[in-house]
Q: 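Provided herewith is a single structure, encoded as structure tokens, for subsequent inquiry.
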Amino acid sequence: MQKESRAYKELGVQRNLGLPKESYTLKESGLQKFGKIFKTFNRGGLLLFFFFFFLALFPSLFAPYSPSERFIPYEAPSEAHLLGTNDIGNDILSELVYGTRISLMVGFASACISTVIGLSIGLLAGYFRGWTAEVLMGFTDVVLLLPKLPLIIILGAFLRPSVWILILVLGLLSWESLARIVRAKTLQLRESGYVKSAQCIGFSSFHIMCTDIIPNLVHVILPKFMLATASAMISEASLSFLGLGDPSLKSWGIMLSFAFSRGGFIRDMWWWYLPPGLCITFCVLAVALLGFGFEPKTGVAKKEVVKLQ
Amino acid sequence: MGLKIEKLSKRYGKGLFSRETELFRDVSFKLEAGKTFGLTGPSGTGKSTLGKIIVGLEKPSQGDVFYKGSSIFELRGSEKKVFRRKVQMMFQDPLDAFNPRKKIERSLLDILSLLKIPGSKGPDKIRLMLKTVGLNEEVLLRFPAQLSGGQLQRLALGRILLLEPAFIILDEPTSALDVSVQAQILQLLKKVQAREKLGYLLISHDEAVVRFMADYCGKLEHGSLSLA
Amino acid sequence: MNSLLDVKKLKVGFEGAKPVNVISEVSFSIQKGENLALVGESGCGKSIIAHAILRLLAPEARIEGSILFKGRELLKLSEKEMAKLRGNELAIIFQNASHALNPVYSIGRQLAEPLRIHQKSGKTDATKKVLKALAQLGFSSPEKYLKFYPSWGSGGMNQRFLIASSTILEPELLIADEPSKGLDPARIKEVERELWVLGKEAKSSLLLISHDLGFVRRLADKIAVLYSGEIVELAKTSVFFKQPRHPYSQGLLGSLPENGFVPIPGLAPALCESPSGCRFHPRCPFQKEKCLREHPELKAREERAVRCFLWA
């Protein structure tokens, strides 16, 4: 955790600095080797994520054409159109690049909503206990029991298709697990000496929650936030594929849906349906890897150094 | 003017499937300014819970605590705020008593802003406090994990002193510390007590510590307090 | 050569941009059946020595010197050979008993585990040995405890189970890392009795790491006082408590309750910033000018060794 790694730095202890090895050192254990491989995966996730992030920020730099520009429909990949064109003659590569923004936006916006709700409910329930907790956690359990996908499909069918409604629905229906985790951790933290002393000293509950509890929850919230983003992106793609998306904003899911309904599959135009699928997969992978990277790392070495202090 | 503890009882765990268990019953004693009351007894008898009730962190099942003649459980608003500051508690594990993500400086400055002490006077007050507890100014820039148990326990006392309390509940203040550091902390507690006329409630399972520190003492055993 | 454990000029450091030396030239030996105590404040490197002997230190650790166990160099053994040795001939009791036992397995199963792994003994054979070990530790009806779970017992009881699991293979050297920390006085007594019985009956040697001087006094034959990563005094326990020679040892004894809690002034230095000259000089009541400049050697005379210029 943070405090350990700081103590670690303070002592100037770092790994592998190429010091003479005539003195004896322990061999790497299997777990550490695994850790190293895992770390490279994390780096890969970071690179991949930044790649998608830049696509989303500056699509015009990467896309050869505007996504609404029309060419000859159903064209196979060529030099002019690297991934061909679709049924109404839009350049598929450009559509793909512009779709990044929508997919990422849906993912992050709904994860933000679910994190804010989950964090506040979990925090309040854990900190105040008593009937507040009973009510809040009862509500959480009810939401937890709702069959999500059917509900979203029904909502999607009744409400007019819009990205904003989709974001709201996804966000409002995916906060319960975070609320439960936050509550459990808060219950533990509120018994810690520093929260007790802060209560003794007379800090307000709000102050204690903001400065003593939330900062110590970060390593729980961040990975969960990234996973929520990833799952929202998948849900968005599935819903769009089912035709419940917003056809005016072409996300990857909608591209897939169109490729399916407008002859991409029948004509065997892999350049139409494969790239959006791959983009979804890799983007979700990048976000998930990033999330794993935020998880607290444990190690014998750090524990040892803290002891020295 | 002291702190009067009258017939406190604490019972636990009345649930659907669990029977109620009594922790202690009818505990009465008095804390006086400048004196130390030593509370001993085996672990699990509720010594710490008693301390937490007195500072208002927990509620008793029965009984009352009087501060300056009025019950602390009936205090409201600004009176409650004043009481909170006047009676403080020091915990067993010094590392656990500080937020691991805050530098010591931040922890202390938060207290000054709570007390509404103007920024210009803050540094002097902290410097004076550090001098009292025998610490160097460089500890301010550290995180709790970078300090030793002795240093942290000194800081825990210093943090309490900033609030200018009248009574301090010491919950096993030295049982997580080494023998030599224990001696330092106990001497420091005595020194501060003499200067500030503080009243202590010392909770400890170490009878030698209690004998050394306390002016009068009691033993909490089998749910009741016997005064000695 | 006939000593059980012979630690010679052990140096431990951690690699880094600013390499730090935490243990400097510590030498001591334990004879068969002898109890040695390492005493010192937390942060003086006691646990690091224990972990160095068991080779449980982090990969960053740089260990120099030699650790001979029954004539074998522990620092040159492979990880596999070391694993065979650990628990079998060399065992450790960790600080927190309730955390060192696995809460989901019964005591009987946990105690039989080392037997099955190290001696490949069968189930009935193992159970027999577990029962014997429990009986030896003073449990009146050991059968009852085979199906016992750690959460059912008190801290003192768990400490005894832990001792039983560490000693069931009758190791020749048992390392106890702060076995009395955080326990009630009554439970400390229990643990103390177990360790004492162990030394008497199983003829195990004990390396006791503790800051509790009273506890050490009753158990150890020899005592080594550590300060800032080096031994400052090494003596027989009876001699040591009668007349400590090093100013730090004197200060430690003065801090005891029976001597009126007279503290040593100042704070113990962190291991990464030990003072020059004699490491104790900033806190020493007898410091001379020489102490500021020169580093005293550990000088042996009359069955004791002291690292102080006053002693020479």
Side-chain angles (χ1 to χ4, degrees), chain B residues 36 38 40-45 47-48 92-96 130 133-136 138-139 142 145-155 172-191 202-214 219-221, chain C residues 38-44 46-47 95-96 98 154-156 178 180-189 209-217 225-228 244 247-273 280 282-283:
Chain B
T36 303
T40 56
S43 48
T45 48
K47 297 186 302 265
S48 298
Q92 175 175 1
D93 185 354
L95 183 58
D96 189 44
L130 287 178
V133 298
L135 284 174
N136 216 322
E138 64 165 358
V139 297
R142 304 289 184 98
Q146 298 167 323
L147 296 171
S148 72
Q151 284 172 312
L152 285 170
Q153 205 60 304
R154 282 164 195 263
L155 273 173
E172 306 272 7
T174 59
S175 63
L177 304 175
D178 289 346
V179 205
S180 50
V181 183
Q182 165 172 300
Q184 291 180 338
I185 297 290
L186 292 180
Q187 298 287 1
L188 176 65
L189 284 169
K190 278 210 152 184
K191 188 184 96 186
L202 174 69
I203 298 170
S204 176
H205 62 238
D206 190 339
E207 289 187 11
V209 170
V210 171
R211 236 176 290 134
F212 176 70
M213 293 287 292
K219 193 166 187 177
L220 193 59
E221 213 170 9
Chain C
L38 287 179
V39 177
E41 279 164 86
S42 56
C44 72
K46 290 171 298 185
S47 294
Q95 263 181 35
N96 194 327
S98 307
S154 64
E178 303 266 14
S180 65
K181 201 169 190 174
L183 292 180
D184 268 12
R187 286 180 191 153
I188 291 179
K189 278 261 158 60
I209 292 166
S210 181
H211 71 260
D212 186 341
L213 285 169
F215 186 72
V216 163
R217 180 179 203 167
V225 182
L226 269 133
Y227 185 77
S228 190
Y248 175 64
S249 318
Q250 291 165 2
L252 264 188
L253 287 187
S255 310
L256 285 179
E258 53 264 39
N259 299 330
F261 294 109
V262 182
I264 309 169
L267 296 168
L271 281 175
C272 47
E273 43 199 45
F280 187 60
R283 305 171 69 187

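A, B, ... follow the sequence lines: proteins, then strands. Residue 1 opens every chain.
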Q: Can you name the nearest heavy-atom pair linking D178(B) to G40(C), along with the distance?
A: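 Heavy-atom minimum between the residues: OD2-O, 4.3 Å.
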Q: Considering all heavy atoms of both residues, which atom of P265(C) and which atom of Q184(B) are nearest to each other, and what is their separation?
A: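 Reported closest heavy-atom pair: C-NE2, 4.0 Å.
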Q: Rounded to the nearest 0.5 Å, how far does CD of Q182(B) lie from CG of L256(C)?
A: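 Between L256(C) CG and Q182(B) CD, I get 9.0 Å after rounding to 0.5 Å.
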Q: List the atom of P257(C), the atom of A208(B), and the distance in Å for their closest heavy-atom pair.
A: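 Shortest heavy-atom contact: CB-CB, 3.4 Å.
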Q: Looking at OG1 of T174(B) and CZ of F261(C), how far apart are the two atoms once the value is rounded to the nearest 0.5 Å?
A: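 Rounded to the nearest 0.5 Å, the OG1-CZ separation comes out at 7.0 Å.
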Q: Crowded around K190(B) NZ? As in, over 12 foreign heavy atoms under 6.0 Å?
A: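 More than 12 heavy atoms, drawn from other residues, nucleotides or ligands, come within 6.0 Å of this atom.
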Q: Which value, rounded to the nearest 0.5 Å, describes the distance between S180(B) atom OG and I264(C) atom CD1?
A: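 It is 5.0 Å, given to the nearest 0.5 Å.
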Q: Name the region of L177(B), side chain, backbone, both or neither, that has any atom closer than 4.5 Å to a heavy atom of chain C.
A: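 The answer is the backbone of L177(B).
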Q: Any heavy-atom pair between the side chains of L267(C) and R154(B) that's under 4.5 Å?
A: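 In contact.
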Q: So, for G260(C) and F212(B), which heavy atoms are closest and what is the spacing to 0.1 Å?
A: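 Heavy-atom minimum between the residues: O-CE1, 3.8 Å.
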